[in-house]
Amino acid sequence: MAELTNPERRMLRALQSRDSNWTLQEVLESCNWDDQAIAVSAGHGLANHGLVKMNESSKLDVILGSEGESAAVNGLLEARLWNYIKKNQNVTMNDISSNFERHEAGPGIGLLKGLGVNIEGGKFSCDNAELVTKKIAERTDFIMSPSIESPLIEHFKGRKNLIEIVEAVTRTWKITPKGMAISSDDLKEVIQIAEITPELLQGDSWKNAEFRPYDVSLEASMPRSGKSHPMQSLIERIRSIFLEMGFSEIVDDYVQTAGWNMDALFIPQDHPAREMQDTFYLDEPKEINLDPSLLNNWKNIHEHGGDTESTGWGGEFSEEISQKGLLRTHTTVNTIQYLAENPTEPCRVFAIDRVFRKESIDRTHLPEFHQIEGIIMEPGANLGMLVTTLKTFYQKMGYPEVRVRPAYFPYTEPSLEVEVKWRGKWLELGGAGIFRPEVTEPLGIKDPVCAWGMGLERLAMLVLGLDDIRQLYISDLEWLRNQPIL
Ligand code: PHE
(Lines give C-alpha, C1' and ligand atoms only; values in the text may rest on other atoms or scores of the structure.)
Protein backbone atom coordinates (compact mmCIF):
# COMPACT_ATOMS: atom_id res chain seq x y z
CA MET A 1 0.00 0.00 0.00
CA ALA A 2 2.52 2.51 -1.19
CA GLU A 3 -0.11 5.18 -1.38
CA LEU A 4 -0.74 5.17 2.38
CA THR A 5 1.16 7.52 4.64
CA ASN A 6 2.76 6.18 7.79
CA PRO A 7 0.04 7.57 10.10
CA GLU A 8 -2.61 6.02 7.83
CA ARG A 9 -0.88 2.65 8.10
CA ARG A 10 -0.67 2.89 11.86
CA MET A 11 -4.30 3.86 12.23
CA LEU A 12 -5.50 1.13 9.86
CA ARG A 13 -3.52 -1.49 11.81
CA ALA A 14 -5.24 -0.31 14.99
CA LEU A 15 -8.68 -0.38 13.41
CA GLN A 16 -8.15 -3.90 12.08
CA SER A 17 -8.20 -5.12 15.69
CA ARG A 18 -11.88 -4.30 16.19
CA ASP A 19 -14.71 -4.12 13.71
CA SER A 20 -16.79 -1.40 15.33
CA ASN A 21 -16.80 2.36 15.77
CA TRP A 22 -13.69 4.03 17.10
CA THR A 23 -13.78 7.38 18.82
CA LEU A 24 -11.03 9.94 18.44
CA GLN A 25 -9.88 9.21 21.96
CA GLU A 26 -9.60 5.50 21.23
CA VAL A 27 -7.65 6.12 18.05
CA LEU A 28 -5.25 8.46 19.85
CA GLU A 29 -4.65 5.91 22.57
CA SER A 30 -4.09 2.92 20.40
CA CYS A 31 -1.89 4.76 17.94
CA ASN A 32 0.05 6.40 20.70
CA TRP A 33 -0.57 9.90 19.40
CA ASP A 34 -1.11 13.18 21.27
CA ASP A 35 -1.99 15.25 18.31
CA GLN A 36 -5.63 15.08 17.24
CA ALA A 37 -4.78 16.62 13.88
CA ILE A 38 -2.68 13.58 12.94
CA ALA A 39 -5.51 11.20 13.74
CA VAL A 40 -8.10 13.27 11.91
CA SER A 41 -5.96 13.62 8.82
CA ALA A 42 -5.05 9.91 8.77
CA GLY A 43 -8.76 9.14 9.19
CA HIS A 44 -9.61 11.36 6.23
CA GLY A 45 -6.92 9.72 4.12
CA LEU A 46 -8.16 6.21 4.95
CA ALA A 47 -11.74 7.24 4.25
CA ASN A 48 -10.67 8.63 0.85
CA HIS A 49 -9.16 5.27 0.03
CA GLY A 50 -12.36 3.52 1.07
CA LEU A 51 -10.54 1.64 3.85
CA VAL A 52 -12.54 3.10 6.70
CA LYS A 53 -15.91 4.72 6.97
CA MET A 54 -16.04 7.96 8.84
CA ASN A 55 -19.08 9.18 10.72
CA GLU A 56 -19.24 12.83 11.44
CA SER A 57 -21.83 14.39 13.65
CA SER A 58 -21.92 17.87 14.91
CA LYS A 59 -23.77 19.19 17.88
CA LEU A 60 -24.03 22.44 19.69
CA ASP A 61 -22.13 22.89 22.88
CA VAL A 62 -21.71 25.65 25.39
CA ILE A 63 -18.43 27.03 26.68
CA LEU A 64 -17.65 29.94 28.97
CA GLY A 65 -16.95 33.35 27.47
CA SER A 66 -14.42 35.77 28.95
CA GLU A 67 -16.83 37.04 31.62
CA GLY A 68 -17.94 33.49 32.33
CA GLU A 69 -14.33 32.44 32.95
CA SER A 70 -13.88 35.19 35.50
CA ALA A 71 -17.25 34.42 37.12
CA ALA A 72 -16.09 30.81 37.55
CA VAL A 73 -13.13 32.13 39.55
CA ASN A 74 -14.58 35.16 41.36
CA GLY A 75 -18.28 34.35 41.45
CA LEU A 76 -21.15 35.79 39.46
CA LEU A 77 -21.81 39.47 40.00
CA GLU A 78 -25.26 38.84 41.54
CA ALA A 79 -23.75 36.22 43.85
CA ARG A 80 -21.10 38.61 45.12
CA LEU A 81 -23.63 41.41 45.66
CA TRP A 82 -26.10 39.10 47.40
CA ASN A 83 -23.44 37.77 49.73
CA TYR A 84 -22.43 41.31 50.59
CA ILE A 85 -26.01 42.32 51.32
CA LYS A 86 -26.57 39.24 53.48
CA LYS A 87 -23.35 39.66 55.42
CA ASN A 88 -23.76 43.35 56.26
CA GLN A 89 -26.70 44.94 58.05
CA ASN A 90 -28.83 47.55 56.34
CA VAL A 91 -26.84 47.88 53.22
CA THR A 92 -27.65 51.02 51.23
CA MET A 93 -27.06 52.00 47.62
CA ASN A 94 -24.17 54.14 48.80
CA ASP A 95 -22.50 51.10 50.41
CA ILE A 96 -22.81 49.23 47.14
CA SER A 97 -21.34 52.12 45.18
CA SER A 98 -18.37 52.37 47.48
CA ASN A 99 -17.68 48.62 47.72
CA PHE A 100 -18.15 47.57 44.13
CA GLU A 101 -16.65 48.80 40.89
CA ARG A 102 -18.61 51.48 39.12
CA HIS A 103 -19.37 49.32 36.13
CA GLU A 104 -20.61 46.54 38.42
CA ALA A 105 -22.97 48.39 40.73
CA GLY A 106 -25.63 49.36 38.18
CA PRO A 107 -25.91 46.07 36.30
CA GLY A 108 -25.58 44.14 39.58
CA ILE A 109 -28.59 45.85 41.09
CA GLY A 110 -30.50 45.23 37.89
CA LEU A 111 -29.74 41.51 38.28
CA LEU A 112 -30.91 41.48 41.89
CA LYS A 113 -34.13 43.26 40.99
CA GLY A 114 -34.72 40.58 38.40
CA LEU A 115 -34.42 38.01 41.19
CA GLY A 116 -37.05 39.73 43.33
CA VAL A 117 -34.95 42.10 45.49
CA ASN A 118 -36.51 45.53 46.05
CA ILE A 119 -34.81 48.83 46.72
CA GLU A 120 -36.85 51.45 48.41
CA GLY A 121 -35.49 54.66 49.86
CA GLY A 122 -31.98 53.43 49.09
CA LYS A 123 -32.49 50.25 51.16
CA PHE A 124 -32.73 46.64 50.11
CA SER A 125 -35.62 44.37 51.01
CA CYS A 126 -36.80 41.04 49.82
CA ASP A 127 -39.93 38.89 50.26
CA ASN A 128 -38.29 35.55 49.78
CA ALA A 129 -34.59 35.66 50.46
CA GLU A 130 -34.26 31.89 50.25
CA LEU A 131 -35.58 31.81 46.75
CA VAL A 132 -33.03 34.43 45.70
CA THR A 133 -30.23 32.40 47.26
CA LYS A 134 -31.45 29.27 45.53
CA LYS A 135 -31.69 30.88 42.11
CA ILE A 136 -28.21 32.33 42.47
CA ALA A 137 -26.85 28.95 43.49
CA GLU A 138 -28.35 27.40 40.34
CA ARG A 139 -26.70 30.02 38.20
CA THR A 140 -23.38 29.42 39.94
CA ASP A 141 -23.71 25.68 39.36
CA PHE A 142 -24.26 26.34 35.68
CA ILE A 143 -21.14 28.47 35.46
CA MET A 144 -19.10 25.79 37.23
CA SER A 145 -20.26 23.11 34.79
CA PRO A 146 -22.11 24.55 31.82
CA SER A 147 -24.44 22.27 29.89
CA ILE A 148 -26.23 22.90 26.61
CA GLU A 149 -29.27 21.10 28.06
CA SER A 150 -29.71 23.54 30.93
CA PRO A 151 -32.81 25.80 30.97
CA LEU A 152 -30.46 28.60 32.08
CA ILE A 153 -28.92 28.78 28.60
CA GLU A 154 -31.49 31.36 27.50
CA HIS A 155 -30.78 33.53 30.53
CA PHE A 156 -27.00 33.45 30.02
CA LYS A 157 -27.27 34.02 26.27
CA GLY A 158 -28.74 37.42 27.10
CA ARG A 159 -25.73 38.41 29.20
CA LYS A 160 -22.57 39.76 27.67
CA ASN A 161 -19.59 37.39 27.21
CA LEU A 162 -20.72 34.87 29.83
CA ILE A 163 -21.19 31.94 27.51
CA GLU A 164 -20.54 30.99 23.90
CA ILE A 165 -22.50 28.48 21.89
CA VAL A 166 -20.16 26.47 19.68
CA GLU A 167 -20.50 23.67 17.19
CA ALA A 168 -18.56 20.58 18.15
CA VAL A 169 -17.80 17.90 15.59
CA THR A 170 -17.45 14.33 16.75
CA ARG A 171 -16.04 11.76 14.44
CA THR A 172 -15.92 8.02 14.67
CA TRP A 173 -14.25 5.60 12.32
CA LYS A 174 -15.09 2.04 11.41
CA ILE A 175 -13.03 -0.23 9.24
CA THR A 176 -14.50 -1.40 5.92
CA PRO A 177 -14.13 -4.94 4.48
CA LYS A 178 -11.60 -3.47 2.03
CA GLY A 179 -9.60 -2.11 4.97
CA MET A 180 -9.83 -5.42 6.79
CA ALA A 181 -8.49 -7.25 3.73
CA ILE A 182 -5.17 -5.42 3.73
CA SER A 183 -2.40 -7.57 5.08
CA SER A 184 -0.57 -6.19 8.06
CA ASP A 185 2.69 -6.72 6.19
CA ASP A 186 1.59 -4.01 3.85
CA LEU A 187 0.98 -1.72 6.74
CA LYS A 188 4.51 -1.61 8.07
CA GLU A 189 5.72 1.91 8.55
CA VAL A 190 8.60 2.67 6.24
CA ILE A 191 10.81 5.57 5.32
CA GLN A 192 8.76 7.46 2.83
CA ILE A 193 10.32 9.88 0.45
CA ALA A 194 8.11 12.80 -0.31
CA GLU A 195 10.75 15.04 -1.81
CA ILE A 196 13.54 14.09 -4.16
CA THR A 197 16.68 16.08 -3.48
CA PRO A 198 20.18 15.90 -4.99
CA GLU A 199 21.51 14.83 -1.55
CA LEU A 200 19.06 11.94 -1.45
CA LEU A 201 20.03 10.70 -4.87
CA GLN A 202 23.72 10.79 -4.01
CA GLY A 203 23.26 8.30 -1.16
CA ASP A 204 21.85 4.77 -1.09
CA SER A 205 19.02 5.25 1.39
CA TRP A 206 16.45 5.77 -1.37
CA LYS A 207 16.99 2.23 -2.61
CA ASN A 208 14.94 0.63 0.16
CA ALA A 209 12.61 3.54 0.73
CA GLU A 210 9.16 4.05 -0.65
CA PHE A 211 8.37 7.01 -2.83
CA ARG A 212 5.29 8.84 -1.82
CA PRO A 213 3.16 9.41 -4.93
CA TYR A 214 2.29 13.02 -5.69
CA ASP A 215 -1.33 13.97 -5.46
CA VAL A 216 -1.58 16.62 -8.12
CA SER A 217 -5.19 17.33 -7.29
CA LEU A 218 -4.39 18.75 -3.85
CA GLU A 219 -4.53 22.48 -3.22
CA ALA A 220 -1.08 23.93 -2.83
CA SER A 221 0.20 27.33 -1.88
CA MET A 222 1.52 29.55 -4.65
CA PRO A 223 5.28 29.95 -4.53
CA ARG A 224 6.12 33.62 -4.58
CA SER A 225 9.41 34.80 -5.91
CA GLY A 226 10.85 37.84 -7.59
CA LYS A 227 10.65 37.90 -11.35
CA SER A 228 10.97 40.32 -14.24
CA HIS A 229 8.15 42.69 -15.04
CA PRO A 230 6.02 41.13 -17.80
CA MET A 231 7.05 43.93 -20.19
CA GLN A 232 10.70 43.21 -19.55
CA SER A 233 10.19 39.48 -20.10
CA LEU A 234 8.32 40.18 -23.29
CA ILE A 235 11.12 42.43 -24.56
CA GLU A 236 13.62 39.66 -23.78
CA ARG A 237 11.55 37.17 -25.68
CA ILE A 238 11.20 39.40 -28.74
CA ARG A 239 14.89 40.18 -28.60
CA SER A 240 15.81 36.50 -28.61
CA ILE A 241 13.47 35.80 -31.53
CA PHE A 242 15.11 38.48 -33.69
CA LEU A 243 18.59 37.42 -32.64
CA GLU A 244 17.69 33.87 -33.55
CA MET A 245 16.50 35.08 -36.96
CA GLY A 246 19.91 36.61 -37.62
CA PHE A 247 19.22 40.26 -36.70
CA SER A 248 21.45 42.53 -34.61
CA GLU A 249 20.09 45.02 -32.14
CA ILE A 250 20.63 48.76 -32.32
CA VAL A 251 19.94 51.33 -29.61
CA ASP A 252 19.69 55.07 -30.07
CA ASP A 253 18.77 58.21 -28.12
CA TYR A 254 15.20 59.34 -27.85
CA VAL A 255 16.14 62.99 -28.21
CA GLN A 256 16.26 63.54 -31.95
CA THR A 257 15.82 66.19 -34.62
CA ALA A 258 12.76 66.68 -36.78
CA GLY A 259 15.24 66.19 -39.64
CA TRP A 260 15.99 62.56 -38.76
CA ASN A 261 12.60 61.77 -37.28
CA MET A 262 10.67 63.14 -40.29
CA ASP A 263 12.59 64.86 -43.13
CA ALA A 264 14.89 61.91 -43.72
CA LEU A 265 11.74 59.82 -44.05
CA PHE A 266 10.25 62.14 -46.63
CA ILE A 267 7.46 63.17 -44.29
CA PRO A 268 6.34 66.56 -45.67
CA GLN A 269 7.12 69.49 -43.39
CA ASP A 270 3.44 70.44 -43.27
CA HIS A 271 2.31 66.91 -42.35
CA PRO A 272 -0.35 67.04 -39.60
CA ALA A 273 1.54 64.54 -37.40
CA ARG A 274 4.31 67.12 -37.06
CA GLU A 275 2.05 69.56 -35.25
CA MET A 276 2.69 70.54 -31.65
CA GLN A 277 -0.38 68.62 -30.54
CA ASP A 278 1.03 65.34 -31.86
CA THR A 279 4.75 65.65 -31.26
CA PHE A 280 6.68 66.64 -28.15
CA TYR A 281 9.08 69.37 -29.28
CA LEU A 282 11.81 70.23 -26.81
CA ASP A 283 12.70 73.55 -25.22
CA GLU A 284 16.08 72.13 -24.33
CA PRO A 285 17.71 71.46 -26.77
CA LYS A 286 15.45 73.59 -28.88
CA GLU A 287 17.71 73.13 -31.87
CA ILE A 288 20.32 70.57 -32.82
CA ASN A 289 22.65 71.48 -35.65
CA LEU A 290 22.70 69.13 -38.60
CA ASP A 291 25.29 68.71 -41.30
CA PRO A 292 24.59 71.35 -44.01
CA SER A 293 25.12 68.88 -46.84
CA LEU A 294 22.53 66.55 -45.29
CA LEU A 295 20.07 69.41 -44.99
CA ASN A 296 20.77 70.33 -48.58
CA ASN A 297 20.06 66.78 -49.78
CA TRP A 298 16.73 66.68 -47.92
CA LYS A 299 15.88 70.15 -49.24
CA ASN A 300 16.39 68.98 -52.80
CA ILE A 301 14.36 65.85 -52.29
CA HIS A 302 11.50 67.60 -50.51
CA GLU A 303 11.31 70.53 -52.93
CA HIS A 304 11.67 68.72 -56.26
CA GLY A 305 12.66 65.09 -55.78
CA GLY A 306 16.43 65.48 -56.01
CA ASP A 307 18.05 63.04 -58.40
CA THR A 308 15.21 60.57 -58.12
CA GLU A 309 12.37 60.57 -60.58
CA SER A 310 10.11 61.96 -57.87
CA THR A 311 8.73 65.49 -58.08
CA GLY A 312 9.07 65.93 -54.30
CA TRP A 313 6.50 67.77 -52.21
CA GLY A 314 7.15 71.18 -53.76
CA GLY A 315 7.02 74.33 -51.61
CA GLU A 316 9.96 75.54 -49.60
CA PHE A 317 11.95 73.28 -47.27
CA SER A 318 12.85 74.87 -43.91
CA GLU A 319 16.22 73.99 -42.41
CA GLU A 320 15.07 75.56 -39.19
CA ILE A 321 12.19 73.09 -38.86
CA SER A 322 14.60 70.29 -39.65
CA GLN A 323 16.89 71.19 -36.73
CA LYS A 324 14.15 71.33 -34.09
CA GLY A 325 14.75 69.08 -31.09
CA LEU A 326 12.00 66.56 -30.26
CA LEU A 327 11.28 63.26 -28.55
CA ARG A 328 11.25 60.62 -31.27
CA THR A 329 7.76 59.68 -32.38
CA HIS A 330 8.81 56.36 -33.90
CA THR A 331 11.84 54.10 -33.88
CA THR A 332 12.18 54.38 -37.65
CA VAL A 333 14.50 57.23 -36.70
CA ASN A 334 16.91 54.57 -35.33
CA THR A 335 16.99 52.42 -38.44
CA ILE A 336 17.26 55.32 -40.87
CA GLN A 337 20.29 56.68 -39.01
CA TYR A 338 21.87 53.26 -38.93
CA LEU A 339 21.45 53.10 -42.72
CA ALA A 340 22.89 56.59 -43.12
CA GLU A 341 26.01 55.42 -41.29
CA ASN A 342 26.20 52.08 -43.11
CA PRO A 343 24.67 52.78 -46.51
CA THR A 344 26.35 50.04 -48.50
CA GLU A 345 26.68 47.10 -46.12
CA PRO A 346 23.80 44.62 -46.30
CA CYS A 347 22.21 44.29 -42.86
CA ARG A 348 19.42 42.96 -40.69
CA VAL A 349 18.91 45.09 -37.61
CA PHE A 350 16.17 45.65 -35.08
CA ALA A 351 15.39 47.95 -32.17
CA ILE A 352 12.96 47.73 -29.27
CA ASP A 353 12.75 51.24 -27.96
CA ARG A 354 10.63 53.88 -26.38
CA VAL A 355 8.73 56.48 -28.39
CA PHE A 356 6.60 59.50 -27.46
CA ARG A 357 3.43 60.98 -28.88
CA LYS A 358 1.02 63.50 -27.47
CA GLU A 359 -1.81 61.06 -26.94
CA SER A 360 -4.43 61.39 -24.27
CA ILE A 361 -4.32 58.36 -22.06
CA ASP A 362 -7.08 55.82 -22.50
CA ARG A 363 -7.65 52.08 -22.74
CA THR A 364 -5.46 51.72 -25.84
CA HIS A 365 -3.21 54.79 -25.80
CA LEU A 366 -0.27 56.02 -23.78
CA PRO A 367 1.92 59.05 -24.54
CA GLU A 368 5.01 56.93 -23.94
CA PHE A 369 5.20 53.48 -25.45
CA HIS A 370 7.53 51.12 -27.29
CA GLN A 371 8.03 50.03 -30.85
CA ILE A 372 9.63 46.98 -32.34
CA GLU A 373 11.45 48.25 -35.39
CA GLY A 374 13.45 46.42 -37.99
CA ILE A 375 15.03 46.55 -41.43
CA ILE A 376 16.53 44.18 -43.93
CA MET A 377 18.82 45.71 -46.51
CA GLU A 378 20.41 43.48 -49.14
CA PRO A 379 20.49 43.07 -52.89
CA GLY A 380 17.13 41.70 -54.00
CA ALA A 381 15.29 42.38 -50.71
CA ASN A 382 11.59 42.44 -51.57
CA LEU A 383 8.07 42.47 -50.32
CA GLY A 384 7.81 38.68 -50.10
CA MET A 385 10.84 38.62 -47.84
CA LEU A 386 9.35 41.34 -45.66
CA VAL A 387 6.03 39.55 -45.25
CA THR A 388 7.70 36.20 -44.54
CA THR A 389 9.92 37.79 -41.91
CA LEU A 390 6.97 39.35 -40.10
CA LYS A 391 4.94 36.16 -40.33
CA THR A 392 7.84 34.17 -38.94
CA PHE A 393 8.22 36.59 -36.06
CA TYR A 394 4.55 36.43 -35.06
CA GLN A 395 4.51 32.70 -35.50
CA LYS A 396 7.39 32.39 -33.07
CA MET A 397 5.46 34.63 -30.69
CA GLY A 398 2.57 32.17 -30.86
CA TYR A 399 0.35 33.93 -33.41
CA PRO A 400 0.35 31.81 -36.56
CA GLU A 401 -2.38 33.78 -38.35
CA VAL A 402 -0.96 36.95 -39.84
CA ARG A 403 -2.18 38.98 -42.79
CA VAL A 404 -1.06 42.18 -44.48
CA ARG A 405 -3.17 44.87 -46.03
CA PRO A 406 -2.27 47.87 -48.19
CA ALA A 407 -1.53 51.02 -46.20
CA TYR A 408 0.14 54.37 -46.62
CA PHE A 409 3.31 55.85 -45.09
CA PRO A 410 5.16 58.73 -46.76
CA TYR A 411 8.44 56.79 -46.58
CA THR A 412 7.52 53.38 -47.98
CA GLU A 413 6.19 52.09 -51.28
CA PRO A 414 4.48 49.71 -51.24
CA SER A 415 3.23 50.14 -47.66
CA LEU A 416 1.57 47.50 -45.53
CA GLU A 417 -0.40 47.17 -42.39
CA VAL A 418 0.26 43.98 -40.41
CA GLU A 419 -2.63 42.25 -38.71
CA VAL A 420 -2.68 39.29 -36.36
CA LYS A 421 -5.68 37.11 -35.57
CA TRP A 422 -6.51 37.05 -31.89
CA ARG A 423 -9.62 35.47 -30.37
CA GLY A 424 -11.23 35.42 -33.80
CA LYS A 425 -10.56 39.07 -34.61
CA TRP A 426 -7.93 40.71 -36.79
CA LEU A 427 -5.90 43.28 -34.85
CA GLU A 428 -3.61 45.82 -36.43
CA LEU A 429 -0.17 45.63 -34.87
CA GLY A 430 2.05 47.76 -37.06
CA GLY A 431 3.20 49.14 -40.36
CA ALA A 432 5.79 48.01 -42.90
CA GLY A 433 6.99 48.60 -46.41
CA ILE A 434 9.95 49.18 -48.69
CA PHE A 435 11.73 52.51 -48.26
CA ARG A 436 11.09 54.90 -51.13
CA PRO A 437 13.95 56.23 -53.25
CA GLU A 438 13.28 59.67 -51.73
CA VAL A 439 14.46 58.14 -48.43
CA THR A 440 17.35 55.96 -49.61
CA GLU A 441 18.84 58.06 -52.39
CA PRO A 442 19.96 61.12 -50.34
CA LEU A 443 21.77 58.75 -47.94
CA GLY A 444 23.60 56.86 -50.68
CA ILE A 445 21.72 53.57 -50.13
CA LYS A 446 21.62 51.40 -53.26
CA ASP A 447 19.98 48.15 -52.16
CA PRO A 448 16.28 47.80 -51.39
CA VAL A 449 15.33 48.15 -47.69
CA CYS A 450 12.44 46.28 -46.10
CA ALA A 451 11.27 48.15 -42.99
CA TRP A 452 8.66 47.71 -40.26
CA GLY A 453 7.58 49.21 -36.99
CA MET A 454 5.16 47.56 -34.58
CA GLY A 455 3.64 48.42 -31.26
CA LEU A 456 5.10 46.53 -28.31
CA GLU A 457 2.30 47.35 -25.87
CA ARG A 458 -0.31 46.23 -28.39
CA LEU A 459 1.44 42.90 -28.62
CA ALA A 460 1.72 42.75 -24.83
CA MET A 461 -2.04 43.18 -24.56
CA LEU A 462 -2.50 40.07 -26.70
CA VAL A 463 0.13 38.03 -24.92
CA LEU A 464 -1.19 38.93 -21.47
CA GLY A 465 -4.86 39.04 -22.44
CA LEU A 466 -5.43 42.66 -21.40
CA ASP A 467 -8.12 45.01 -22.53
CA ASP A 468 -6.56 48.06 -20.90
CA ILE A 469 -3.01 49.09 -21.83
CA ARG A 470 -2.61 51.03 -18.54
CA GLN A 471 -2.54 47.78 -16.59
CA LEU A 472 1.01 47.30 -17.86
CA TYR A 473 2.37 50.29 -15.97
CA ILE A 474 0.28 50.84 -12.85
CA SER A 475 2.36 48.50 -10.67
CA ASP A 476 -0.60 46.48 -9.48
CA LEU A 477 1.31 44.04 -7.27
CA GLU A 478 -1.39 41.41 -7.14
CA TRP A 479 -1.65 41.38 -10.93
CA LEU A 480 2.12 41.35 -11.33
CA ARG A 481 2.45 38.37 -8.98
CA ASN A 482 -0.07 36.41 -10.96
CA GLN A 483 1.44 37.00 -14.38
CA PRO A 484 2.66 33.92 -16.20
CA ILE A 485 6.33 33.51 -16.87
CA LEU A 486 6.73 34.51 -20.52
N1 PHE B 1 6.93 54.16 -38.25
C2 PHE B 1 5.64 53.59 -38.49
C3 PHE B 1 4.76 53.82 -37.25
O4 PHE B 1 5.20 54.45 -36.33
C5 PHE B 1 5.72 52.11 -38.77
C6 PHE B 1 6.54 51.80 -39.98
C7 PHE B 1 7.88 51.51 -39.87
C8 PHE B 1 5.93 51.76 -41.24
C9 PHE B 1 8.63 51.21 -41.00
C10 PHE B 1 6.66 51.44 -42.36
C11 PHE B 1 7.99 51.16 -42.22
O12 PHE B 1 3.60 53.41 -37.21
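Each ligand, and each atom within it, is numbered from 1 in the order the structure gives. None of these values were measured; they are calculated from a predicted model.
- In this structure, CG in Leu480 is found 8.0 Å from CD in Gln471, a value given to the nearest 0.5 Å.
- Of the N or O atoms in Thr332, one or more lie within a sub-3.5 Å distance of an N or O in ligand 1.
- Residue His330 places at least one N or O, backbone or side chain, under 3.5 Å from an N or O of ligand 1.
- Using a 4.0 angstrom heavy-atom cutoff, Tyr411 counts as in contact with ligand 1.
- Remark: aromatic rings of Phe247 and Phe242 are close, center separation under 6.0 Å.
- Interatomic distance, OG1 of Thr332 versus CZ of Phe435, reported as 6.0 Å (0.5 Å rounding).
- The residue Glu417 has no part lying near ligand 1, judged by heavy-atom distances below 4.0 Å.
- Considering backbone and side-chain atoms together, Trp452 places no N or O closer than 3.5 Å to any N or O of ligand 1.
- Ring geometry for His330 against Tyr411 counts as perpendicular: the plane angle is over 60°, on a 0 to 90° scale with 30° as the lower cut.
- Here Trp313 and Phe266 bring their ring centres to under 6.0 angstrom of each other.
- Not a single heavy atom of Arg328 sits under 4.0 Å from any atom of ligand 1.
- Inclusion of Gln371 in the set of residues having an N or O under 3.5 Å from an N or O of ligand 1 is warranted.
- Looking at Ala432 against ligand 1, only its backbone comes within 4.0 Å, counting heavy atoms.
- With respect to Asp263 and Arg274, a salt bridge is recorded, a charged nitrogen being found less than 4.0 Å from a carboxylate O.
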